[in-house]
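Scroll down for the structure; my scribbles are underneath it.
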Amino acid sequence: MCIHNFTQEIANIQFSLADRVLEEDCFNSLDTVAGVDVSFSVDNQAIAAVVVLQLGDLEILEKRTLPVELFFPYIPGFLGVREADAVISVLNTLEHDFDVLMVNGHGVMHPRGFGLACQVGVLCDVPTIGVAKRLIDGRYIKRATQRHHAIGEFQLITENNNELGAFFKGKYVSVGHKISLKTALSIVKMTSVFKTPEPIRQTHILATETFKQELTSN
DNA sequence: GCGACAG
DNA sequence: ATCTTGTCGC
């Protein structure tokens, strides 16, 4: 039983779970956004972090961090297997509720249509948006996709006739779960003070700082 | 054997 | 992801 059979098995699970992904808006209110991130350096000791922001003024409502251990190696296309549990764990420490979650990694713009954002969304049954700065496999996605000039700063990325996501300010955005691409893009845009949307930027800063503190105190 | 892929 | 100084410019 080698690692290859293992990932093949997991790939099949990703294919089947991808059917559960909903690419339509499934929420009544849209007032708060959360961002999650996991940062680490050596071994598999990491810090999972989450920040909840008010959508209007981007005011931070809550910050949480949690030391976690990762049990699966990083393999492109299988980030969800590595980080989903850590992400879900830190989400469970939140006191505030949130309407949508921004995840560091792809949503449906994934070889099997089931990136980390989809996995977190489906397992937690919450709306999620996937934001990544690189494509998973340039060869895979480029041979089947074309970029179209779309409204404003967005470039829609489609495969045949279905929309996989969009490119915006150096970031690849795609639906994670329970949200439409249109709404996902508007949320990314309205939270993008810098190139990285605030929910993810703030969370990444928090996770990194916390990791350093943890390192110094021990 | 070569290729080069989220975090 | 992370390892890392200075440097340009508001």
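So you know, we letter chains A, B, ... as the sequences are listed, proteins then strands, and number each from 1. Note that the structure is a prediction, hence the values are computed from the model and not measured.
A/Asp99 places a side-chain N or O within donor-acceptor distance of the main-chain N or O of A/Thr32, the cut-off being under 3.5 Å.
With rounding to whole Å, A/Arg112 atom CZ is found 11 Å from B/dC5 atom C1'. Here B/dA4 presents its C1' atom at 9 Å from CZ of A/Arg134, a figure rounded to the nearest Å. Rounded to whole Å, the distance from CD1 on A/Ile129 to C1' on B/dA6 is 17 Å. When the C1' atom of B/dC5 is taken as reference, atom NE2 of A/His110 falls 11 Å away, rounded to whole Å. Atom C1' of nucleotide B/dA6 and atom CG of A/Leu79 are separated by 6 Å, given to the nearest angstrom. Rounded to whole angstrom, the span from the CZ atom of A/Phe211 across to the P atom of B/dG7 amounts to 18 Å. The CD1 atom of A/Ile136 sits 8 Å away from the C1' atom of B/dC5 (whole-angstrom rounding).
Residues A/Leu94 and A/Leu53 do not share a hydrophobic cluster, defined by chaining ILVMFWY side chains whose heavy atoms lie under 4.5 Å apart. Cluster annotation: A/Val131 is connected to A/Leu156 through the hydrophobic network of ILVMFWY side chains, with a link wherever side-chain heavy atoms come within less than 4.5 Å. Taking hydrophobic clusters as Ile, Leu, Val, Met, Phe, Trp and Tyr residues chained together by side-chain heavy-atom distances below 4.5 Å, A/Ile60 does not share a cluster with A/Leu101.
At B/dG7, none of the side-chain N or O atoms of A/Arg82 fall inside 4.0 Å of OP1 or OP2 (strictly under the cut-off). Within the 4.0 Å cut-off from OP1 or OP2 of B/dA6, not a single side-chain nitrogen or oxygen of A/Tyr172 is found.
By the side chain to side chain contact (heavy atoms under 4.5 Å, CB included) test, A/Asp85 is found to be paired with no residue, residues two or more places apart in sequence or in another chain being considered.
Note on A/Gly130: nothing from the nucleic acid sits closer than 4.0 angstrom, heavy atoms only.
Look at A/Lys212 and A/Glu209 and you find no salt bridge, because none of the NZ, NE, NH1 or NH2 atoms lies under 4.0 Å from a carboxylate O.
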Got a list of protein N/O to nucleotides 1-9 of chain C N/O distances below 3.5 Å?
unit_1	atom_1	unit_2	atom_2	d
C/dA1	OP2	A/Lys133	NZ	2.2

